[in-house]
Each structure stands twice: as structure tokens, then as C-alpha cells.
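All values derive from a computational prediction rather than experimental measurement. Quick note on labels: first sequence line is chain A, next is B, and so on, each numbered from 1.
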Amino acid sequence: MTSSTDNVRVRFAPSPTGDLHVGGVRTALFTYLFARQNEGTFILRIEDTDQARYDESSITSITESLRWIGLDWDEGPDVGGPAGPYFQSQRLDLYRKYVDKLLAEDYAYECYCSPERLAQLREEQRKAGRPPGYDRHCRNLTDEQRQEYRDQGIKPVVRLKVPLDGTTSGMDLLRGPISFENGKLEDAVLLKSDGYPTYHLAVVVDDKEMGITHVTRGEEWIPSMPLHLILWDAFGWDRPVFVHMPVILKPDGKGKLSKRDGAASMLALRDEGYLHEAVLNYLAMVGWAYDDHTEIFSKEDLIEKFSLERVSPSPARFNYEKLEWMNQHYINHIIPVEDLASRVVPLLVEQGLVDEVPPGSDTEKLVTEAVGLIKDKMKFLTEGPDLISYFLTEPPDYDTSLLVPRKTEPAEALRGLEAARDVISEIGVDDEEEVEKRLRALAEEVGLKVGQLFMPIRVAVTGRTASPGLFETLRVVNKERSIARMNRAIEKLKSEVSVAAD
RNA sequence: GCCCCCAUGGUCUAGCGGCCGAGGACGCCACCCUUUCAAGGUGGAGAUCGCGGGUUCGAAUCCCGCUGGGGGUACCA
């Protein structure tokens, strides 16, 4: 058994019952990488067979999530394809056809048991400490009995006639042989009374119809693998390769990540300011590694180096700290600053810090420069606007005490600031080296440590105590605005000093 | 309860019989750099490779049992 095959056709098949979360996306990603690397076909199929849980908005949420992170599909919703339709709800006739075949060949049977009876059965089994399961009540109904139920207007479900003994075994690419005792299996429902198939029937039929070569999915599906195997065999079809991906656990390891863990939703990550490149890279690293030291991979790198066989079979916890680090790393070291700035721009407009940023404009240049200066402090895209705000607009009022460093008198801060303003008025801010030289000399002249002189200037110009290097900050803010802001600070300090003198 | 899967530092992992007195990353600590905050650099703490049996000249690596964790047990996927 090998995973590098010709004509690879794989699919990601989510059900539209909510937002896509990182676990699902990771499975999609591995499937996608495998397809691209083998020049195969990646299909998106929507498994909308549950009328009750169906949520239309999640279809866009799913496609948006996949597109955001860069997983494009060759066949599926929006793009079509030769094996469509790609919504299971539009393939009902097909499932009916195959179910009839199963019925005719005695691989399945109609069951008229009511949901109430089944619930009661389970309850009794639970009380008696017996394993829950269908009691095969309808497995051997006579034609007369069936007709009787039908006459009562009861719509049957169709169940799989699982062999009573023996074992069903199959191979999992990551785990090797897995076998199950038939005696422990249930006569699972294949077709519901509303005419919709269950997952078990639909996957098998569609995977066959769509020519899927490798069935990739989460490991929560391992327990139903024997049912699917029995179906593949019953239809007389060659079994595909099965690959069950490890689940992703909650950060505390207690249970698998679910849609309840809000932040784990793809779209939530996007809205929180994560870069799709970082999320993609991080997700690829949970459950897979290329070697003992490489961990930064672009999508292209992954397509080249990914290997399905190297996916670890053991579950892994979702680690927000590592993702955050990855995001920060991408912001600070991987994404070109122009690109980064262009992603911050929409947020600036949204928050009203700028009206518009036409390509090639001075504003664009300013934003790009500002982003370049603060990117080492930016962990999330969403922090961008605040971090560069003072390059674009006047800083809001701040506490005067910020202008006075520790072990420094307000009067000293004031004296330093006035002198610094005069220096800048004289030489401007464009020559960073010169400004630094003059201000360092100035510190000595006025008898202040560099920190005692620089901090008041920093606060005056940015309105805060943390900023990029002073001289580059002054340069980008520009001479005129720097001086105005320093004057404003000088006025604040003056009133402080006079109050103190009273 | 029953079935199935998994098992290397707190977390993600490298390791596929000798190169391992276990390597990398995140996190944590210290130091360096330094005009602030970061970023960066250097170093450090942290794993009897879950436990117990085997197999072998030799096991983190193979086998069995146990324990622990996870998954499944619906006319949900």
C-alpha cells in the first residue's frame, strides 16, 4: 500500500452544521497537500444529509474559511465538476438506487421501528447495564409483516445487514491493520425515513461515484470504518486507501476541539488578526513534522515536502501560545512590509484613522513606513492601527506624569524638552544620525542621562512610553508635527512645574 | 459498560535496534544588546523515552500485559 499514486482523487467533505474549526481545516489541509503534491484532484463535497442540523450560512463560512487559508478545490461548490452535484442533498436518487440494490441482494433490510421504541430500547439496555444497540427486531420480517407496517403508513428506514460473526478488517495508512468483530457491530441505518441517506451510505456511494482514491478524514471515524468496508465489499467495489487523521484536542487536553471552542473557528482566527500563512503553517505542524528542526513552511514548501505517511497517529493539543508565536514570527520576519501594511489598511479605514489609502499615495507610504517600525511589537494584525496611530493622527491626551521619567524632576524634563525642541527646530528630523548625535550631546550639556532626555521626547511625540527607536520615529512623524507635539508637552509640563512651585 | 485508537520534557515534535549519557520549537528563567517597548543573540532549568515483563550481544525504537489519555457507541456528521 502506498500513498503516492497516480490519478489521486481526494475530497474534504464537511457537513454544514456550523463554522469550520481548526481540526476540520487541518484534515482538509493534509488532504489538499497530498492532492497537490501528486498533481491529483482536490474535491469539496458538502455532506448536507441532516435536515435538522442544516445551517445554510455555514456553507459560505466553510468555503470562505478554506479560501482564506489558501485551499482551493478543483471540483465542488462554485466551481462544479464532472462528478457533481457536490451537495449530497442533490444526490438522493443515487442513494435510493444503491439502497435498492442492497435490498435486492439481501445486504440490507427495511426497519419499521419507531424512534420511540429505539429510545426505549436504549433506556432499558442502559438500566440493565447492557451495551446499547439495535436489537435487529426487523431483520427477519416476512413480506406480510412488512406490508402490514406499510399499510399503517409507517415509513421505514433501511438498515445494513451486518454479518453476525467473523471479523471485518482493513488497513489504515497511518496505523496499519485494524479489525473489528462483526458481532459487536450494529445494523446501522443507511437510509432515513425522510429519504435522506446517513453518512455511512452517502460517503461510500459518493466516494465511489466520485472516484476517490484515498479516504481521508478525522480519526473519530475509525469506529464506523467496518460498516463502510462491509458496504464497499457488498457493492463489489475495490476498497480505497483509508487515512484517519489524528484529532486535535482542546488546549487542556480534555476532549477534542469542537465548535463550542469559539476561538478555534477559522473565521474567528482571521478576525482576531491571525495571518492565514501563519495559521496554515501552524496547523501543518500539529501532527506532522518534516525533520528535527525545520518549522517554517510556506504553502508551496508544504506541497513539496509534505508526506501523508509522516502524519503522526496520536492526538495533539491545540497550542495558542505556539500559534501566537508563529503569527508574530510571520509578521516580523516573513511577510514583506508592503504586504503587511496593505493588510492593516482596511483596519485603519474601518477605525476611521484614515479616509482612504490610494495606491502610490503619500498616506500609503506613511503607513508602510510606520508598519515597518512597529511590526516587531505586533502579534496580531488587529493591533496594527493602535500601534501606528500616532503616525497618522494626533495622540490623545495623556497623563503629564508620563513625561517625567523616574528619578527625574519635572523641571529637568521640561528643560530637556525645550532644549531638544530647539535642536530639532534647527536641524530637522530627516538625518537620523545627526539628530542622534546632537541629542546625545545635548543630554550631556543639560546634565541628564540619555534616558532622562529621550523619554520625555518619546512621550511628547507619541503619547506613550513604548515606541520604535526615537530618531526613526521623529523622522516618520516629521519635523513640523514633532515640534508641535513637543510644544504641547512643554505646556503640560509648565503647568505641572508651576503647581509644584505653589 | 462495550468497541477502537494513541502513548518521547508543561505543549508540539525528531527518533523508525547500536550515531541517543535523547535533538529542535513554543513556553519559562538568566545574561547580552539597548533611548522605551519589543525583536534579536547567548546560556539555563525541564524527559529514569507512562509502568512491568519479554525478544536481542544491544531497545525510546520490536512483542505482550497493565496503566493513562482520546475517540466511538443516534433515523448527527
Between B:C26, B:U73, B:A77, which nucleotide gets closest to the side-chain atoms of A:Glu186?
B:U73

With a 4.0 Å limit, can you tell me whether A:Lys184 has a side-chain N or O closer than that to the phosphate oxygens OP1/OP2 of B:U73?
no

Is A:Asn327 reaching over with its side chain to a backbone N or O of A:Lys379, donor-acceptor style, under 3.5 angstrom?
yes

Can a donor-acceptor pair be found between the side chains of A:Asp55 and A:Thr17 at a distance below 3.5 Å?
no

Counting only distance, no hydrogens or angles, is the base of B:U11 paired donor-acceptor with the side chain of A:Arg317 under 3.5 Å?
no

Atom CG of A:Asp291 to atom C1' of B:C12: distance rounded to whole Å?
14 Å

Establish, with yes or no, whether the OP1 or OP2 oxygen of B:C26 is under 4.0 angstrom from a side-chain nitrogen or oxygen of A:Lys379.
no

Report which part of the nucleic acid A:Ile222 touches: base, sugar-phosphate, or nothing (heavy-atom distance under 4.0 Å, all strands).
sugar-phosphate

Heavy atoms under 4.0 Å, any strand shown: does A:Val189 hit a base, just sugar-phosphate, or nothing?
sugar-phosphate

Whole-Å distance, A:Leu470 CG to B:U34 C1', equals 13 Å

Would you mind telling me which residue lines up with the more 5' stretch of RNA chain B, A:Ala316 or A:Glu181, judged by nearest nucleotide?
A:Glu181

Between A:Glu219 and A:Ser193, name the one whose nearest nucleotide on RNA chain B is closer to the 5' end.
A:Glu219

Pair A:Arg139, A:Tyr134: side-chain N/O donor-acceptor within cut-off below 3.5 Å
no

Under 4.0 Å, heavy atoms only, any strand: does A:Pro315 hit a base, just the sugar-phosphate, or nothing?
sugar-phosphate

Reckon A:Arg126 has a side-chain N or O less than 4.0 Å from the OP1 or OP2 of B:G1?
no

What's the closest nucleotide to the side chain of A:Asp50 if the choices are B:C76, B:G27, B:G70?
B:C76

Mind checking if A:Ile178 touches a base, just sugar-phosphate, or nothing, with heavy atoms under 4.0 Å?
sugar-phosphate

Just checking, any donor-acceptor pair under 3.5 angstrom between side chains of A:Thr408 and A:Gln452?
yes

If pairing means Watson-Crick or G-U wobble with both distances under 3.5 Å, then the partner of B:C51 is B:G65

Rounded interatomic separation in angstrom, taking CG from A:Leu403 and P from B:U35:
20 Å

note: A:His137, atom NE2; B:C75, atom C1'; distance rounded to Å ~ 17 Å

So, A:Glu124 and A:Gln120: side-chain donor and acceptor under 3.5 Å apart, yes or no?
yes

Which of the following nucleotides, B:G23, B:C76, B:C6, is nearest to the side chain of A:Lys192?
B:C76

Pairing nucleotide - B:U56, Watson-Crick or G-U, each distance under 3.5 Å:
none

Regarding A:Cys111, tell me which of base, sugar-phosphate or nothing describes its non-hydrogen contacts under 4.0 Å with the strands shown.
nothing

Would you indicate what A:Gly287 reaches in the nucleic acid, counting non-hydrogen atoms under 4.0 angstrom: base, sugar-phosphate, or nothing?
sugar-phosphate

Short side-chain N/O contact from A:Thr49 to OP1 or OP2 of B:C76, under 4.0 Å:
no

Of the candidate nucleotides B:G70, B:A77, B:C12, which contains the atom at the shortest distance from the side chain of A:Glu220?
B:A77

Do A:Gln328 and A:Tyr330 have side-chain N/O donor and acceptor atoms under 3.5 Å apart?
no

Can you check whether A:Arg159 has a side-chain N or O nearer than 4.0 Å to OP1 or OP2 of B:C75?
yes

Pi-cation contact, A:Phe471 with A:Lys437 (under 6.0 Å, within 45°):
no

Pairing partner of B:G40 (Watson-Crick or G-U wobble, both distances under 3.5 Å)
B:C32

Ignoring hydrogens and angles, state whether a donor on the side chain of A:Arg217 or A:Ser224 is under 3.5 Å from an acceptor on the partner side chain.
no

Measure OH/A:Tyr290 against P/B:G15 and give the value in whole Å, please.
12 Å

Could you check whether A:Arg45 makes a cation-pi contact with A:Phe12, meaning its NZ or CZ is under 6.0 Å from the centre of the six-membered ring and within 45° of the ring axis?
no

For A:Arg464, which contact category applies under a 4.0 Å heavy-atom criterion: base, sugar-phosphate, or nothing?
nothing

Please determine, for the side chain of A:Lys254, which listed nucleotide (B:C12, B:U35, B:G70) has the closest atom?
B:G70

Heavy atoms from C-beta onward define the side chain here; which of B:U36, B:A14, B:A25 lies closest to that of A:Ala289?
B:A14

Base, sugar-phosphate, or nothing for A:Gly253, non-hydrogen atoms under 4.0 angstrom?
sugar-phosphate

Applying the Watson-Crick and G-U wobble criteria at under 3.5 Å, what pairs with B:G21? Answer none if nothing qualifies.
none

Determine whether the side chains of A:Glu47 and A:Tyr199 contain a donor N or O and an acceptor N or O closer than 3.5 Å.
no

I want to verify a distance call: between B:A77, B:C37, B:C26, whose nearest atom is closest to the A:Ala466 side chain?
B:C37

Where the side chain of A:Arg175 is concerned, which of B:U35, B:A77, B:C5 is the nearest nucleotide?
B:C5

Tell me: CG of A:Asp292 to P of B:A25, nearest whole Å?
10 Å

Within the structure shown, what part of the strands sits under 4.0 Å from A:Pro226 by heavy-atom distance: base, sugar-phosphate, or nothing?
nothing

Can you find an N or O donor on one side and an acceptor on the other, under 3.5 Å apart, linking the side chain of A:Thr198 with the base of B:C75?
no

Indicate, with a heavy-atom threshold strictly under 4.0 Å, whether A:Thr17 touches base, sugar-phosphate, or nothing.
nothing

Counting side-chain heavy atoms from C-beta on, which of B:C3, B:C6, B:U73 comes nearest to A:Pro132?
B:U73

Output yes when at least one side-chain N/O atom of A:Arg217 is less than 4.0 Å from OP1 or OP2 of B:G72, else no.
no

If I take atom CG in residue A:Leu439 and atom P in nucleotide B:U35, what distance separates them, rounded to the nearest angstrom?
13 Å

Could you list, one pair per line, each protein nitrogen or oxygen that sits under 3.5 Å from a nitrogen or oxygen of nucleotides 38-47 of chain B, together with the distance?
residue	atom	partner	partner atom	Å
B:A38	O2'	A:Asp376	O	2.3
B:A38	N3	A:Asp376	OD2	2.6
B:A39	O2'	A:Asn332	ND2	2.9

Please report the distance, rounded to the nearest Å, between CG in A:Leu121 and P in B:A74.
11 Å

Under a 3.5 Å cutoff, is there a donor and acceptor pairing between the side chains of A:Ser312 and A:Ser314?
yes

Let's see if you can work this out: which of B:C75, B:G24, B:C6 has an atom nearest to the side-chain heavy atoms of A:Ser314?
B:C6

